Q: 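Take a look at this one; I'll ask things after.
The analysis underlying the following values was restricted to heavy atoms, covering all of them including side chains, and did not include hydrogens, waters or symmetry mates. Remember, predicted model here, so these are calculated numbers, not experimental data.
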Amino acid sequence: MLKKFVDSLPIMKTMRPAGCLHGVPYFEVTMKQTFQKLHRDLPPTKVWGYNGQYPGPTFHVWKHQPIHVLWKNELPDRHFLPIDTTVHGAEKNQPEVRTVVHLHGGVTPDTSDGYPEAWFTRHFKKVGPYFSHRMYTYPNHQDAANLWYHDHAMGITRLNIYAGLSGMYIVHDENEVRLNLPCGPFDLPLIIQDRSFREDGSLYYPSRPNQPETAPTPSVIPDFYGDTILVNGKVWPYLNVEPRKYRFRILNGSNARFYRFSLSNGAPLIQIGTDQGLLETPVRVPSLVLAPAERADVIIDFSTCYGKTIILENDFESKDGKADPETTGTIMQFRVNQRLSRTDHSSIPGWLAPVPRFTHVDRTRTLKLNMRKDSYGRNIHLLDDRLWSDPVTEVPKLGQTEVWRIVNGTEAIHPIHLHLVRFQILDRQPFDVDVYKQEGRTVFTGPRVPPDWNERGWKDTVRSRPGEVTRIIMKFGPYPGLFVWHCHILEHEDYEMMRPYYIRT
């Protein structure tokens, strides 16, 4: 097993503009194959990275200040991970390597949203049926928030992200600056992902599931769990810190793994933000659950810990049991061994940002999460029992507010993500799954439970738990057009648990 805490935590470079177009900063970002040392004792690993780096450089942008980005694909023509050509969008007649970039959480027109069928190949030689613009525009008309960018190509998203195509995109605003939170070198993104390695350092991704035996080779697997944790592209790193407050912008960038983070010294995490920005007030949490694609903005106070080492741990319990403390139960190490470089004048204010509640609803939709077998005997996870290729059924009107009741009749937690919109979680309510499956009726077995205090901010990804109806509320806009909603377990998303939705004017 690889030794822990021998590499220091990398800090991703900041993305720099190539110039200006009509007064708007313009970026060029190239996807390249490279070899990168992910652990001291591993040979360099083949990865795909934005600007040849895994994770990609971090965008720092300001509210109301738009940018243009030209995403360029200079990847090889052949994939180094196993492609299942029975998956819709990844058939043998499609180019093996296709990419399209989605700014996750971005309030973006549909032409710049990274629609899964708007893919493009190396040097734009071939493009998908929905490809329209080489140049993307991100208006950034949104509050300070921790977003991320990643690949979203139809049928191979799980492989492209696993290969390394992800990075942080941080929106700043004046309100956040006024709060006097930890900043500069004391404000760090943490992209947490799990991977598995072969002895030669190469990434291991299974070519087929153990069951059913009738599955083709290669085959999509139900979900991927690596046995090694990486933070910012390093295996089990350490970070030397000063005895002061630090701000960490945490992203669960894993394919399928959920985490419940806590500190080994029992100190609380002070959560100040969710996916889409700041909470109204800080919430002290003893532990913090994040599903794939969820983000949490937290402050850790090391001021009384000089000379100590603290481990960021994971004890999420899945149906396979608890994370192994020797492997996936450990995330990274903080070494409080640095002298104060300057006095810590940062603060944790009692009030952060308004999160106004919705006052009216134009429509309520009920949408179920379900499962069925395919012709090979594999499980397909579905949204409302529909395939990607079925006609669009969710057609909200621009500017209208809807409540979506997500009825999870499966045995899995599904992190449901909607493109374009931010939403609030209203509540979750348990129901009788057996009655639901036999008769189609929703018989509740308990009261509506409001979201946890640290979920009461703006979200774009919600954990829909099995045997519960999860209600979310959102206003559709500010742009009309074609977007998607999907489960963010990447293996589910790639194999039919994704649907288009259309905002009409």
Q: When you measure from the side chain of Asp173 to the backbone N and O of Ala144, does any donor-acceptor pair fall under 3.5 Å?
A: yes
Q: Answer yes or no: is there a side-chain heavy-atom contact under 4.5 Å between Val403 and Phe358?
A: no
Q: Assess whether atom NE2 of His360 is packed by more than 12 heavy atoms of other residues, nucleotides or ligands within 6.0 Å.
A: yes
Q: Is any NZ, NE, NH1 or NH2 atom of the basic residue among Arg422 and Asp143 found under 4.0 Å from an Asp or Glu carboxylate oxygen of the other?
A: yes
Q: Does the pair Asn51 and Lys32 meet the rule for a side-chain hydrogen bond (donor to acceptor under 3.5 Å, both in side chains), with working shown?
A: CA-CA 6 Å; Asn51 283 353; Lys32 295 177 185 168; over 6 Å; no
Q: Is the ring centre of Trp148 less than 6.0 Å from the ring centre of His150?
A: yes
Q: Counting only N and O atoms by type, is there a donor-acceptor contact under 3.5 Å from the side chain of Thr401 to the main-chain atoms of Val361?
A: no
Q: Less than 3.5 Å apart, any donor N or O on the side chain of Asn180 or Ser346 sitting next to an acceptor on the other?
A: no
Q: Below 6.0 angstrom between ring centroids: does that apply to Trp388 and Tyr115?
A: yes
Q: Out of Tyr50, Phe27, Tyr138, which one pairs with Tyr149 under the ring pair (Phe, Tyr, Trp, His ring centres under 6.0 Å) rule?
A: Tyr50
Q: Please evaluate residues Leu269 and Ser262 with respect to the criterion side-chain contact (heavy atoms from CB on, under 4.5 Å), reporting the C-alpha separation (whole Å), side-chain torsions for both, the decisive distance (0.1 Å), and the verdict.
A: CA-CA 7 Å; Leu269 299 159; Ser262 60; 5.6 Å; no
Q: One pair to check against salt bridge (Lys or Arg N to Asp or Glu O under 4.0 Å): Lys397 and Asp362. What are the steps and the verdict?
A: CA-CA 10 Å; Lys397 195 173 176 185; Asp362 296 299; over 6 Å; no
Q: Atom CD of residue position Glu439 - does it have more than 12 heavy atoms of other residues, nucleotides or ligands inside 6.0 Å?
A: yes
Q: Just to verify, which of His102, His419, His417 counts as forming a ring pair (Phe, Tyr, Trp, His ring centres under 6.0 Å) with His488?
A: His417
Q: Can a donor-acceptor pair be found, under 3.5 Å and without considering hydrogens, that links the side chain of Gln276 to the backbone of Gly105?
A: yes
Q: Using the rule side-chain contact (heavy atoms from CB on, under 4.5 Å), only one of Glu496, His88, Met497 pairs with Leu387; which is it?
A: Glu496
Q: Can you name the closest pair of heavy atoms from Thr328 and Ile331 and give their distance?
A: O-CD1, 4.4 Å
Q: Could you check whether any side-chain N or O of Asp194 sits under 3.5 Å from a backbone N or O of Gly226, counting only pairs where one atom can act as donor and the other as acceptor?
A: yes
Q: In Å, rounded to the nearest 0.5 Å, how long is the span from OG1 of Thr470 to CD1 of Ile406?
A: 6.0 Å
Q: Can you tell me how far the OG1 atom of Thr281 sits from the CZ atom of Arg456, to the nearest 0.5 Å?
A: 10.0 Å
Q: Does any donor atom in the side chain of His68 or Thr137 lie under 3.5 Å from an acceptor atom in the other side chain?
A: yes
Q: Check whether the side chains of Asn454 and Gln271 place a donor and an acceptor atom closer than 3.5 Å, and report yes or no.
A: yes
Q: Does the pair Glu402/Arg365 count as a salt bridge with the N-to-O cut at 4.0 Å?
A: yes
Q: Using modelled atom types only, decide if a donor and an acceptor are shared between the side chain of Asn408 and the backbone of Thr410 within a distance under 3.5 Å.
A: yes
Q: Which atom names give the shortest non-hydrogen contact between Ile489 and Pro292, and what distance separates them?
A: CG1-CG, 4.5 Å
Q: Does Arg134 count as lying over the ring of Phe124, i.e. NZ or CZ under 6.0 Å from the six-ring centre, within 45 degrees of the axis?
A: yes
Q: Taking atom types as modelled, find out whether Asp84 and Tyr495 have a side-chain donor-acceptor pair closer than 3.5 angstrom.
A: no
Q: With distance as the sole test, does Asn160 use its side chain to make a donor-acceptor pair with the main-chain N or O of Asp151 at under 3.5 Å?
A: no
Q: Angle class for the Phe431/Tyr436 ring planes (parallel below 30°, perpendicular above 60°, tilted otherwise)?
A: perpendicular
Q: Are Glu317 and Arg260 ion-paired here, with the side-chain N under 4.0 Å from a carboxylate O?
A: no
Q: If we only count heavy atoms from C-beta on, is the Asp223 to Asn255 side-chain gap below 4.5 Å?
A: no
Q: Output the distance between atom CG (Asp275) and atom NE2 (His104), rounded to the nearest 0.5 Å.
A: 6.0 Å
Q: Where do Gly467 and Val433 come nearest, in terms of heavy atoms and distance?
A: CA-CG2, 3.5 Å
Q: Which pair of non-hydrogen atoms, one from Tyr502 and one from Val392, has the smallest distance, and what is that distance?
A: N-CG1, 4.0 Å
Q: Check this for me, if you would: do Arg448 and Glu468 make a salt bridge, where the nitrogen-to-carboxylate-oxygen distance has to be below 4.0 angstrom?
A: no
Q: Looking only at side-chain N and O atoms, does Arg357 offer a donor or acceptor that is under 3.5 Å from a partner on Gln424?
A: yes
Q: Do other residues, nucleotides or ligands put more than 12 heavy atoms under 6.0 Å from the NZ atom of Lys63?
A: yes
Q: Which value, rounded to the nearest 0.5 Å, describes the distance between Leu188 atom CG and Tyr246 atom OH?
A: 7.5 Å
Q: Inspect the contact between Glu493 and Arg158 and indicate whether a charged nitrogen and a carboxylate oxygen are less than 4.0 angstrom apart.
A: no
Q: Centre-to-centre under 6.0 Å for Phe261 and Phe316, is that the case here?
A: no
Q: side-chain contact (heavy atoms from CB on, under 4.5 Å) between Val407 and Leu369: does it pass, once the steps are laid out?
A: CA-CA 6 Å; Val407 184; Leu369 312 182; over 6 Å; no
Q: Run the salt-bridge test on Arg499 and Asp384 with the 4.0 Å N-O cut-off and return the result as yes or no.
A: no
Q: Hey, are Arg257 and Glu294 close enough for a salt bridge, meaning a charged N less than 4.0 Å from a carboxylate O?
A: no
Q: Whether the side chain of Arg372 engages the backbone of Asn379 through a donor-acceptor N/O pair (distance < 3.5 Å, no angle test) should be reported.
A: no
Q: Would you please indicate yes or no on a ring centroid separation below 6.0 angstrom for His486 and His381?
A: no
Q: Could you go step by step and tell me if His172 and Val177 meet the side-chain contact (heavy atoms from CB on, under 4.5 Å) rule?
A: CA-CA 8 Å; His172 302 275; Val177 173; 5.7 Å; no
Q: What's the shortest heavy-atom distance between Met12 and Ile191, and which atoms?
A: CE-CD1, 3.8 Å
Q: Can you check side-chain contact (heavy atoms from CB on, under 4.5 Å) on Phe258 and Ile413, steps first, answer last?
A: CA-CA 9 Å; Phe258 289 65; Ile413 310 174; 3.7 Å; yes
Q: Work out which heavy atom in Asn73 is nearest to a heavy atom in Leu75; give both atom names and the distance.
A: OD1-N, 2.8 Å
Q: Could you walk me through whether Arg378 and Thr86 pass side-chain hydrogen bond (donor to acceptor under 3.5 Å, both in side chains), step by step?
A: CA-CA 12 Å; Arg378 301 176 295 190; Thr86 69; 2.9 Å; yes
Q: Charged N to carboxylate O below 4.0 Å: is that the case for Asp460 and Arg295?
A: yes
Q: Can you see whether Ser254 engages Tyr259 through a side-chain donor-acceptor pair at a distance of less than 3.5 angstrom?
A: yes
